[in-house]
Amino acid sequence: MSLLLDIRGLQVDFHVDTGTISAVSGASLSVKPHETVVLAGESGSGKTVTALSICRILPSNARITAGAVFFEDRELTGLEESLLRMIRGKDVSYIFQEPAAYLNPVYTIGNQIDEAVMLHQGKGAHDAGQVSLDLLAKAGFKDPQRIYRSYPHQLSGGMNQRAFIAMALSSKPKLLIADEPTTSLDATIEAQILKLLMELKDEYGFSLLFITHNLSIAKKIADRVYVMYQGRIVEEADRTAL
């Protein structure tokens with residue numbers, strides 16, 4: 001089976017006042033079509049930097065200094081920004097730990113999903129609104145109309161995460177990267193979000209790269225798991241070995 005995502009020997013360095021810090025050192029991992037891969041490791045191990053490197057949305061003081069990232073056999077590492085933008089947010093979507101930090105507080109949830117739908121699906125405003133409501137329903141909201149009209153501050157953390165998932169699905173991505181999306185949620189809501197992601201993965205057919213510090217999550221959802229430590233991939237195993 002061909003690979004959807006193939007990271008080969010990735011090296012990412014941060015330039016700081018005191019010198020250069022290596023955040024990722026020779027990391028290699030892959031994701032197949034329709035596969036769930038978990039990248040696990042303690043805080044500061046390089047998991048998030050690895051994920052952000054895929055679409056080059058790193059901080060300004062970070063540089064990819066070696067290695068390559070391939071998506072559907074197309075190298076992204078040196079791809080010009082205008083071409084990368086056609087992949088970022090469309091074929092590859094991200095959800096993060098603190099969705100409220102990425103949702104605009106002055107616009108309703110509906111406005112923000114509508115904008116993503118119009119951008120990625122080319123819908124007009126009216127049709128985008130219906131698509132947004134459908135996405136909110138898919139994300140598990142029993143009252144999508146109310147959520148559509150709500151502002152982020154009016155919703156709980158779990159609700160904002162569901163809304164952010166709906167927005168991420170607006171582009172019908174081939175790869176969804178979930179970076180610690182349940183860390184700030186209680187155990188019950190975490191279980192609901194994990195269940196939702198797996199149901200949506202089955203329905204939409206995307207691949208999932210799930211980043212976590214919690215190996216118990218890997219046991220629940222992973223087809224394969226990579227363990228990262230101090231910027232390096234130190235272990236790879238499939239579900240049966242967990």
Side-chain angles (χ1 to χ4, degrees), residues 4-5 29 31 34-41 43 47-58 71 85 87-105 107 109-117 119-121 131-132 134-141 144 147-148 150 152 155-186 189-214 217-218 220-223 225-226:
L4 181 68
L5 175 70
L29 66 85
V31 181
H34 315 299
E35 186 180 34
T36 298
V37 171
V38 170
L39 179 58
S43 179
K47 308 183 303 297
T48 294
V49 174
T50 299
L52 296 178
S53 297
I54 293 169
C55 286
R56 298 207 318 262
I57 49 177
L58 291 162
F71 182 77
R85 278 198 301 268
I87 296 171
R88 182 196 302 140
K90 180 168 174 55
D91 291 331
V92 181
S93 284
Y94 288 79
I95 57 175
F96 298 100
Q97 178 178 340
E98 297 290 349
Y102 297 90
L103 293 169
N104 193 319
Y107 291 103
I109 295 295
N111 287 152
Q112 296 180 68
I113 302 178
D114 285 355
E115 183 178 0
V117 170
L119 174 65
H120 296 302
Q121 296 189 29
V131 172
S132 296
D134 292 343
L135 286 168
L136 288 169
K138 294 284 189 185
F141 289 110
I147 304 302
Y148 183 91
S150 298
L155 304 179
S156 68
M159 287 179 170
N160 273 321
Q161 192 60 278
R162 287 176 181 270
F164 203 70
I165 290 169
M167 190 182 305
L169 293 177
S170 66
S171 66
K172 301 179 180 178
K174 297 175 182 178
L175 175 65
L176 180 63
I177 300 172
D179 187 3
E180 301 270 14
T182 62
T183 297
S184 60
L185 306 176
D186 65 40
I189 303 301
E190 175 186 276
Q192 292 174 0
I193 295 295
L194 291 176
K195 182 174 182 289
L196 172 65
L197 283 172
M198 299 315 292
E199 290 173 348
L200 292 171
K201 174 180 173 287
D202 289 341
E203 179 174 350
Y204 284 83
F206 56 77
S207 298
L208 177 63
L209 176 59
F210 193 101
I211 297 166
T212 183
H213 64 275
N214 187 346
I217 289 179
K220 295 174 184 175
I221 68 172
D223 296 312
V225 60
Y226 292 89

If you count the non-hydrogen atoms of other residues, nucleotides and ligands that lie under 6.0 Å from CD in E115, is the total more than 12? no
Where is the tightest heavy-atom contact between K220 and E190, given as atom of each residue plus distance? NZ-OE2, 4.2 Å
How many angstroms lie between CG in L39 and CD1 in I177, if you round to the nearest 0.5 Å? 10.5 Å
Check against side-chain contact (heavy atoms from CB on, under 4.5 Å), I113 and Y148: CA-CA 9 Å; I113 302 178; Y148 183 91; over 6 Å; no
Can you check whether L209 reaches Y226 side chain to side chain, under 4.5 Å on heavy atoms? no
Distance (rounded to the nearest 0.5 Å) between T48 OG1 and D179 CG: 3.5 Å
Is there side-chain contact between E98 and S184, with at least one heavy-atom pair below 4.5 Å? yes
Angle between ring planes, Y102 versus F164, binned at 30° and 60°: parallel, tilted or perpendicular? tilted
What I'd like to find out is whether the side chain of L155 reaches to under 4.5 Å of the side chain of R162, using heavy atoms alone. no
Starting at OG1 of T212, measure out to NZ of K47 and round the result to the nearest 0.5 Å. 7.5 Å
Can you confirm whether V117 sits close enough to L135 that some side-chain heavy atom of one is under 4.5 Å from a side-chain heavy atom of the other? yes
Can you give me the closest heavy-atom contact between A166 and A139, atom names plus distance? CB-CB, 4.1 Å
Under the side-chain contact (heavy atoms from CB on, under 4.5 Å) criterion, do L169 and S93 qualify, and how do the steps go? CA-CA 8 Å; L169 293 177; S93 284; over 6 Å; no
Identify the heavy atoms of K174 and L4 that sit nearest to each other, and give their distance. O-CD2, 3.4 Å
Nearest 0.5 Å, please: how far is CZ in R56 from CD1 in I87? 9.5 Å
Neighbour count >12 (heavy atoms, 6.0 Å) for atom NZ, K201: yes
Tell me whether the count of non-hydrogen atoms from other residues, nucleotides or ligands lying under 6.0 Å of OH in Y204 goes above 12. yes
For L197 and F206, the nearest pair of non-hydrogen atoms, with its separation, is O-CZ, 4.1 Å
Stepwise side-chain contact (heavy atoms from CB on, under 4.5 Å) check, E180 with H213: CA-CA 8 Å; E180 301 270 14; H213 64 275; 3.1 Å; yes
Just wondering, more than 12 heavy atoms not from H34 lying within 6.0 Å of its NE2? no
Heavy-atom pair with the smallest gap, counting every atom of P152 and N104: CG-O, 3.7 Å
Side-chain heavy atoms of T50 within contact of I211, under 4.5 Å: no
To the nearest 0.5 Å, what is the distance between CG on N160 and CG on L103? 5.5 Å
Step by step, work out the side-chain contact (heavy atoms from CB on, under 4.5 Å) result for S170 and V131. CA-CA 8 Å; S170 66; V131 172; over 6 Å; no
Exam field: side chain T182 to backbone L185, donor-acceptor pair closer than 3.5 Å: no
Got a second to check how far T183's OG1 is from F96's CZ, nearest 0.5 Å? 13.0 Å
Taking all non-hydrogen atoms of both residues, which atom of M167 and which atom of A116 are closest, and how far apart? CG-CB, 4.0 Å
Given 3.5 Å as the limit, does a donor-acceptor pair link the side chain of D223 with the main chain of V37, or not? no
